[in-house]
Amino acid sequence: MKVAISGAGVAGAALAHWLHRTGHTPTVIERAPQFRTGGYVIDFWGVGYQVAKRMGIGDSIRTAGYHMERVRSIGRNGEVKADLSVDVFRRMVGDDFTSLPRGDLAAAIYATIEDKVETIFDDSIVTIDEHSDGVHLTFERTPPRDFDLVIGADGLHSNVRRQVFGPDPDFEHYLGCKVAACVVDGYRPRDELSYVLHNTRDRQLGRFALRGDRTMFLFIFRAEHDSPGLAPKDELRNQFDDVGWEGPDILATLDDVDDLYFDVVSQIRMDRWSRGRVLLIGDAAGCISLLGGEGTGLAITEAYVLAGELALAGGDYRRAFDAYEARLRPFIESKQARAARFIWFFATRTRFGLWFRNVAMRTMNFEPLSKLFAGSMRDEFDLPDYDM
């Protein structure tokens with residue numbers, strides 16, 4: 001089948017890989033003018049890592065990734081409040097655990113299809129009209145084309161979801177926080193292979209040392225979804241101007257930042273992930289939120305399962321869509337529930353909560369107790385073997 005995939009991120013590139021591998025003809029449509037690398041750092045583990053190895057990109061991921069050693073909680077005056085070994089998480093999920101920029105993971109996937117799959121950059125789908133034997137698409141720049149299926153892999157603010165299923169507020173469940181991330185050159189101090197975090201009530205400020213003398217900053221704060229119309233940098237300055245620690249120095253670096261990621265922390269919850277010949281995948285269908293920590297791994301898993309079910313169904317897309325959703329929905333909903341409960345770790349509301357968070361981090365260094373706090377990292381999902 002000819003399959004249009006909206007979005008060249010992790011979900012879209014992974015799906016294109018598996019569809020091409022199983023004999024279909026995917027076309028990826030990406031609104032960015034070129035493939036995007038870098039971005040905020042994610043932790044990658046679980047079933048998504050298993051699928052990545054089946055794709056043959058395990059070595060690329062290990063090369064791009066960081067073998068993290070510590071997570072440190074720092075007080076207002078630079079004192080260490082808690083120091084957690086990342087080996088805690090490796091004991092929970094195994095050696096297949098790494099940290100890397102989200103875009104670098106997407107790039108490793110895209111490299112497997114770059115010379116095999118058509119990608120249309122700097123364009124977007126304008127209309128989606130389903131007819132008896134296909135779907136007619138129009139674009140902002142590309143001439144109209146017909147496809148057998150359309151897959152929305154275009155993230156939290158999905159264009160395909162909005163056109164086919166309805167406006168964002170019908171499906172977006174805001175979790176009460178906003179998040180921003182950026183990368184700067186030459187920042188000091190550096191703590192290699194460590195997440196360094198500073199929390200005050202309702203806010204978290206963190207940094208992560210990257211290769212090439214770069215540092216990623218992460219800002220998380222509680223706010224109303226539709227807060228006053230400040231520019232993102234001004235909103236960050238307003239929120240973090242009194243946090244102490246390295247706050248003033250980090251805020252000062254924003255003046256030279258051209259690429260700032262800024263978004264809400266939300267989940268997408270839908271009764272159905274498909275309508276007719278159109279299906280949503282990844283964050284477009286069931287975003288667990290950036291703070292859930294496993295969105296990329298889930299997206300890779302969903303891509304693999306969708307392609308596998310299409311192969312099993314022998315071209316019966318309706319049967320494949322239903323089987324895909326039946327297999328994955330309980331797993332995704334359980335991840336969403338856990339992610340929503342974990343917001344307190346990033347944006348703690350009270351002084352007691354801050355104290356308890358640091359106690360919890362210190363406690364997690366002891367394996368018997370770590371399971372109380374880190375057990376949600378385990379993936380309760382049996383990955384099918386579709387022999388693709």
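For clarity, every value in this text was computed on a predicted model and none was experimentally measured.
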task = Begin with the C-alpha distance, continue with both residues' side-chain angles, and end with the deciding distance and a verdict on side chain to side chain contact (heavy atoms under 4.5 Å, CB included) for F331 and V47.
result = CA-CA 11 Å; F331 181 48; V47 291; 4.2 Å; yes

Derivation of the salt bridge (charged side-chain N to carboxylate O under 4.0 Å, His left out) call for E130 and R275 = CA-CA 10 Å; E130 183 172 343; R275 179 170 292 173; over 6 Å; no

request  = Evaluate side chain to side chain contact (heavy atoms under 4.5 Å, CB included) for R327 paired with V305, printing each intermediate quantity in order.
outcome  = CA-CA 8 Å; R327 188 182 291 274; V305 171; 3.9 Å; yes

task = Walk me through it: do H17 and M388 pass the test side chain to side chain contact (heavy atoms under 4.5 Å, CB included)?
result = CA-CA 11 Å; H17 169 98; M388 294 189 292; over 6 Å; no

ask   = Are I300 and I109 close enough, and set up right, to give a side chain to side chain contact (heavy atoms under 4.5 Å, CB included), and what steps lead you there?
value = CA-CA 9 Å; I300 291 173; I109 299 170; 3.8 Å; yes

request  = Could you walk me through whether D87 and R70 pass the salt bridge (charged side-chain N to carboxylate O under 4.0 Å, His left out) test, one step at a time?
outcome  = CA-CA 8 Å; D87 285 343; R70 324 281 328 158; over 6 Å; no

task = Give the C-alpha distance, both sets of side-chain angles, the deciding distance and a yes or no for salt bridge (charged side-chain N to carboxylate O under 4.0 Å, His left out) between E333 and K335.
result = CA-CA 5 Å; E333 290 180 347; K335 290 291 184 179; over 6 Å; no

query = Under the salt bridge (charged side-chain N to carboxylate O under 4.0 Å, His left out) criterion, do D83 and R72 qualify, and how do the steps go?
reply = CA-CA 5 Å; D83 195 351; R72 285 197 176 98; 3.3 Å; yes

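With a 6.0 Å radius and a threshold of 12 heavy atoms from other residues, nucleotides or ligands, D95 has its CG atom at or below the threshold. Few gaps surround CZ on R188; more than 12 heavy atoms of other groups in view lie less than 6.0 Å from it. Counting heavy-atom neighbours within 6.0 Å of D255 CG, excluding the residue itself, gives a total above 12. Taking a 6.0 Å sphere around CZ of R31, one finds it holds 12 or fewer heavy atoms contributed by other residues, nucleotides or ligands.
For the residue pair T142 / D123, a side-chain donor-acceptor distance below 3.5 Å is found, with atom types taken as modelled. For E224 and Y174, the side-chain atoms include no donor-acceptor pair closer than 3.5 Å. Under the 3.5 Å distance criterion, with hydrogens and angles disregarded, no donor-acceptor pair is assigned to the side chains of Y49 and T98. Residues H131 and D146 bring a donor and an acceptor atom of their side chains to less than 3.5 Å of each other. S274 and Y317 form no side-chain donor-acceptor contact under 3.5 Å, judged by distance and modelled atom types alone. E172 and H225 form a side-chain donor-acceptor contact under 3.5 Å, judged by distance and modelled atom types alone. Using a 3.5 Å distance cut-off with no hydrogens or angles, the side chains of H24 and D148 do not pair a donor with an acceptor. Side chains of Y66 and D43: no donor on one and acceptor on the other come within 3.5 Å. With hydrogens and angles left out, the side-chain atoms of Y187 and E246 include a donor and acceptor closer than 3.5 Å. For the residue pair S289 and Q267, no side-chain donor N or O sits within less than 3.5 Å of a side-chain acceptor on the partner.
Closest approach of C287 to S266, counting heavy atoms only: SG-O, 3.4 Å. Listed here is the closest heavy atom pair of I57 and A108: CG2-O, 3.6 Å. The shortest heavy-atom contact between F121 and P33 is CB-O, 3.5 Å. For L193 against M68, the heavy-atom pair with the smallest separation is C-CE, 3.0 Å.
The backbone N or O of R162 lies less than 3.5 Å from no partner atom in the side chain of D168, so there is not a single donor-acceptor pair. In this structure, the side chain of N77 does not engage the main chain of E79 through any donor-acceptor pair within 3.5 Å. For the pair R145 (side chain) and T138 (backbone), a donor-acceptor distance under 3.5 Å is absent. With hydrogens and angles disregarded, a donor-acceptor distance shorter than 3.5 Å links the side chain of R222 to the backbone of A347. Q336 places a side-chain N or O within 3.5 Å of a backbone atom of I268 that can act as its donor or acceptor partner. Within the 3.5 Å criterion, the main-chain N or O of A64 finds a donor-acceptor partner in the side chain of R211. Of the possible polar contacts, none joining the R277 side chain to the V150 backbone as a donor-acceptor pair under 3.5 Å is found. Counting only distance, with no hydrogens or angles, the side chain of D104 and the backbone of G65 share no donor-acceptor pair below 3.5 Å. Put simply, the side chain of E302 never gets that close to the backbone of A11: no donor and acceptor are under 3.5 Å apart. Side chain of S158 to main chain of D154: no donor-acceptor pair is present (N/O by atom type, distance under 3.5 Å, no hydrogens or angles).
Both I288 and V264 are part of a single hydrophobic cluster, where members link through side-chain heavy atoms under 4.5 Å apart. By the criterion of side-chain heavy atoms lying less than 4.5 angstrom apart, applied directly or through intervening Ile, Leu, Val, Met, Phe, Trp or Tyr residues, F262 is not grouped with V179; the two fall into different hydrophobic clusters. No chain of hydrophobic side-chain contacts below 4.5 Å, direct or via other Ile, Leu, Val, Met, Phe, Trp or Tyr residues, connects V183 to F240. Follow the hydrophobic side-chain contacts under 4.5 Å out from V265 and you reach F346 in the same cluster. No single ILVMFWY cluster, assembled from side-chain heavy atoms under 4.5 Å apart, contains both I250 and Y195.
If you take CG on L205 and CD on Q239, they are separated by 12.0 Å, rounding to the nearest 0.5 Å. Distance check: K178 NZ to D263 CG gives 9.5 Å after rounding to the nearest 0.5 Å. In this structure, the separation between CG on L19 and OG1 on T27 is 10.5 Å, given to the nearest 0.5 Å. Note: L84 CG to E69 CD = 12.5 Å, rounded to the nearest 0.5 Å. Taking CD1 of I29 as the reference point, atom OG of S6 lies at 6.0 Å (rounded to 0.5 Å). The CG atom of L298 sits 9.5 Å away from atom CZ of F381, with the distance rounded to the nearest 0.5 Å.
The pair D234-R237 meets the salt-bridge criterion, with a side-chain N (NZ, NE, NH1 or NH2) lying under 4.0 Å from an Asp/Glu carboxylate O. Using a 4.0 Å cut-off between charged nitrogen and carboxylate oxygen, K233 and E235 do not count as a salt-bridge pair.
Contact check for F97 versus F44: no side-chain heavy atoms found under the 4.5 Å cut-off. A 4.5 Å side-chain heavy-atom check between V160 and V278 finds at least one atom pair inside the cut-off. Taking 4.5 Å as the limit, some side-chain heavy atom of R141 sits within range of a side-chain heavy atom of D122. Inter-residue side-chain proximity for V359 and R357 is flagged as unmet; no heavy-atom pair is nearer than 4.5 Å.
No close placement of the Y324 and F321 rings is indicated, their centers lying 6.0 Å or farther apart. Between Y386 and Y304, the distance from one ring center to the other falls under 6.0 angstrom. No close placement of the F217 and F208 rings is indicated, their centers lying 6.0 Å or farther apart.
A cation-pi geometry, defined here as NZ or CZ lying under 6.0 Å from the six-membered ring centre and within 45° of its normal, does not hold between R349 and W344.
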